[in-house]
Amino acid sequence: MAQSGRLVILSSSTAQPDSELELDGAVAMLCAPIRDANGSGSVIGVLQLLSGEDGLFEDDAELLASAICKQISRAVRDVEDRQYRKVLA
């Protein structure tokens, strides 16, 4: 997922037995890329959400995951900027 940079939803019914992705007992898993907020767009991490209660994710889960990833990316950028300013001080 991190290599492709695409959001992926995997359910226990669609998982391949030999897949590198494991659901760890969950019914479904959503993985979304966290992209660099400094403009390169490279993937710096992956958000993984597991669903175990009632099965699959709601229709808006992709939008919510993407919004969370953007916030994480901005927080990482802010921390990096503060560390850089601290080095210059």
Fill in: Approximate separation, where rounding is to 0.5 Å, of Leu30 CG and Gln48 CD
9.5 Å
Worksheet entry | Distance, nearest 0.5 Å, that separates OG of Ser51 from CD of Glu58 | 9.0 Å
Considering all heavy atoms, the nearest [X]-[Y] contact:
{"X": "Pro33", "Y": "Gly5", "value": "CG-O, 3.2 Å"}
{"X": "Glu80", "Y": "Asn38", "value": "OE1-ND2, 3.5 Å"}
{"X": "Ile68", "Y": "Leu47", "value": "CG2-CD2, 3.8 Å"}

Name each donor-acceptor pair under 3.5 Å that joins a side chain in residues 72-79 to protein atoms two or more places apart or in another chain, with its distance.
unit_1: Ser73; atom_1: OG; unit_2: Arg35; atom_2: O; d: 2.4
unit_1: Ser73; atom_1: OG; unit_2: Ala37; atom_2: N; d: 3.0

Worksheet item: Any side-chain heavy-atom pair from Ser66 and Leu7 closer than 4.5 angstrom?
Response: yes
Practice prompt. Return the set of residues passing side-chain hydrogen bond (donor to acceptor under 3.5 Å, both in side chains) with Ser42 (not counting sequence neighbours), or none when no residue passes.
Written response: Ser40
